[in-house]
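Indexing begins at 1, ligand by ligand and atom by atom, following the structure's order.
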Amino acid sequence: MHTYATPYHIAREQQPELPTYCFRPERVTAAASWFVEKFPAQPFYAVKVNPAPHVLDALWEGGIRSFDAASEKEIELIRGRFPDARIAFLHPVKPRRAIERAYKQHGVRIFVTDSMAELHKILDATDFAKDLTILVRIAVSNEGSALPLSGKFGASAAEAAELLSVARRYADELGVSFHVGSQAMKPSAWAQAMADASRVIIDAGVTVDIVDVGGGFPAIYADKNPPAMDDYVAMVMRSFENMFVLENADLWCEPGRALVAEAESLLVGVDLAKDNAIYINEGSYGALYDAVHENWVFPMRAISGDGRKLGRMVEYTVYGPTCDSADMLPGKVWLPAGLTEGDYIEIGNIGAYGRSMATRFNGFGESDVAIVQDSPWPSLYGSAEGAEVISIGSMATN
Ligand SMILES: *Cc1c(COP(=O)(O)O)cnc(C)c1O
């Protein structure tokens with residue numbers, strides 16, 4: 001992988017034809033070290049958020065040793081790369097044979113369930129192994145999350161209590177888990193969820209070895225400025241103290257977005273400028289899924305392809321590359337006047353759910369990657385050079 005001082009250097013020296021991820025390894029290690037050093041919970045990185053090998057390696061470098069896999073492919077990816085990693089299979093609905101191979105071939109011991117049928121499946125597929133860690137996923141409120149996840153998974157309080165009491169008979173270690181929703185903007189979501197989990201444990205009348213507070217920790221975007229990460233830790237720790245668990249119970253978490261959002265930006269090329277519209281080579285079927293479908297505003301900056309100074313900001317319509325007319329950024333986007341074919345736009349903090357959402361629709365979806373050494377985008381982990389990009393940058397209106 002090539003290293004450049006900044007994305008400006010990539011644009012001017014390479015004029016890349018493909019969308020190019022600008023990888024900032026020190027942003028990953030900063031986030032990883034923060035979780036390892038400042039958050040007294042064992043972090044399991046949610047692999048689906050960005051499974052690129054260079055990102056995984058930077059996380060390992062930053063001290064992440066545990067991984068949350070959603071599928072057998074993710075388990076194989078992690079086991080192949082890190083033979084000593086601790087892997088948890090945390091999709092609430094798993095194919096039976098995937099559970100069997102996870103246990104027998106890949107050394108996975110940690111499984112989640114939110115139903116009695118899945119619990120029986122896990123026990124059957126592992127031949128009632130004596131060394132299982134079973135987490136019971138509880139449904140909790142997703143209020144205050146930008147991307148709620150409560151519609152699909154999580155046992156009700158009554159179901160969860162029954163699951164805990166049955167699982168206690170078979171599990172070596174037993175835990176509760178939940179997910180407050182992705183990009184949770186309020187630390188209080190954890191206070192509520194952990195109080196709910198505590199009540200379930202009391203109803204079940206069992207001892208619990210692990211409290212897994214899930215994912216949902218935020219990143220910073222042009223339109224989303226969450227509270228400091230320290231506020232989340234303080235809320236989780238205070239709530240943990242109030243829970244009905246053994247004094248030596250373990251605390252786990254499953255951060256995805258918070259660990260890797262700042263890992264990568266994306267340098268996209270302008271293929272055509274027409275009136276007040278530009279056509280770029282990345283869109284809603286690529287890394288800009290959340291920008292289009294969830295109306296999220298990513299920080300952006302324009303980079304001229306030929307080094308000329310760019311002008312004052314004006315409003316553009318920005319179209320993606322596919323033939324689908326829905327493939328455009330919502331609203332207007334502020335970018336410098338006079339953008340033209342051969343110029344570039346850098347989209348910041350797209351390391352979470354960017355590359356992992358990209359499809360091959362219309363034959364697009366290929367990308368390149370290079371390491372860059374600047375850090376211009378806003379950060380939740382200090383030491384970014386500053387947030388000036390947002391103010392000169394490009395907020396979509398409405
Ligand atoms: C997606 C997912 C995560 C990560 O969520 P973020 O909001 O990205 O932190 C964690 N745990 C589970 C079970 C998930 O499905």
Side-chain angles (χ1 to χ4, degrees), residues 28 31-32 34-35 39 41-52 55-56 59 64 66-75 78 86-94 102 108 110-115 118 133-155 160 175-187 189-190 193 197 210-221 224 226 229 232-233 236 251-264 287 289-290 294 296 349-357 380-381:
V28 183
W34 185 89
F35 269 93
F39 197 169
Q42 171 84 236
F44 285 71
Y45 170 62
V47 177
K48 69 168 190 270
V49 181
N50 190 332
V55 172
L56 297 174
L59 287 165
I64 299 294
S66 304
F67 295 84
D68 155 15
S71 64
E72 189 173 3
K73 279 277 178 258
E74 288 188 350
I75 293 171
I78 298 301
R86 190 180 199 191
I87 304 176
F89 200 173
L90 296 187
H91 195 303
V93 180
K94 297 166 284 299
V108 176
I110 307 164
F111 298 88
V112 77
T113 180
D114 68 357
S115 70
E118 184 77 9
T133 294
I134 294 180
L135 301 179
V136 172
R137 179 155 161 184
I138 300 171
V140 298
S141 164
N142 274 211
E143 197 215 319
S145 133
L147 280 174
L149 295 170
S150 53
K152 193 162 177 181
F153 298 127
V176 290
S177 75
F178 54 78
H179 200 303
V180 298
S182 203
Q183 185 71 12
M185 296 297 288
K186 292 184 187 164
W190 276 269
I210 298 152
V211 175
D212 175 351
V213 300
F217 301 97
I220 186 165
Y221 298 100
K224 292 179 181 63
M229 291 299 290
Y232 289 80
V233 182
V236 168
L251 192 61
W252 291 1
C253 59
E254 307 163 8
R257 179 188 303 284
L259 281 173
V260 296
E262 298 176 18
E264 296 182 298
Y289 182 95
D290 284 338
E294 303 290 342
W296 286 25
N349 288 359
I350 203 156
Y353 302 97
R355 64 165 68 241
S356 56
M357 295 296 285
L380 288 178
Y381 304 99

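Residues passing the ring pair (Phe, Tyr, Trp, His ring centres under 6.0 Å) test with F44, sequence neighbours excluded: W252. The salt bridge (charged side-chain N to carboxylate O under 4.0 Å, His left out) search around R137 returns none, not counting sequence neighbours. Applying the ring pair (Phe, Tyr, Trp, His ring centres under 6.0 Å) criterion to F67, with sequence neighbours excluded, gives F82.
Between F39 and F217, the ring planes are perpendicular. Angles over 60° get that label, and only those under 30° would be called parallel.
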Pairwise, report which nitrogen or oxygen atoms of ligand 1 are under 3.5 angstrom from protein nitrogen or oxygen atoms, and how far apart they are.
{"from": "ligand 1", "atom 1": "5 (O)", "to": "H179", "atom 2": "NE2", "distance (Å)": "3.0"}
{"from": "ligand 1", "atom 1": "7 (O)", "to": "S182", "atom 2": "OG", "distance (Å)": "2.5"}
{"from": "ligand 1", "atom 1": "7 (O)", "to": "G216", "atom 2": "N", "distance (Å)": "3.2"}
{"from": "ligand 1", "atom 1": "8 (O)", "to": "R257", "atom 2": "N", "distance (Å)": "2.9"}
{"from": "ligand 1", "atom 1": "8 (O)", "to": "Y353", "atom 2": "OH", "distance (Å)": "2.6"}
{"from": "ligand 1", "atom 1": "9 (O)", "to": "G216", "atom 2": "N", "distance (Å)": "2.9"}
{"from": "ligand 1", "atom 1": "9 (O)", "to": "G256", "atom 2": "N", "distance (Å)": "3.0"}
{"from": "ligand 1", "atom 1": "11 (N)", "to": "D68", "atom 2": "OD2", "distance (Å)": "3.1"}
{"from": "ligand 1", "atom 1": "11 (N)", "to": "E254", "atom 2": "OE1", "distance (Å)": "2.5"}
{"from": "ligand 1", "atom 1": "15 (O)", "to": "K48", "atom 2": "NZ", "distance (Å)": "2.6"}

Test log, rule salt bridge (Lys or Arg N to Asp or Glu O under 4.0 Å), inputs E118 and K94: CA-CA 8 Å; E118 184 77 9; K94 297 166 284 299; 3.0 Å; yes
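A donor-acceptor contact shorter than 3.5 Å is absent between the side chain of S182 and the backbone of L147.
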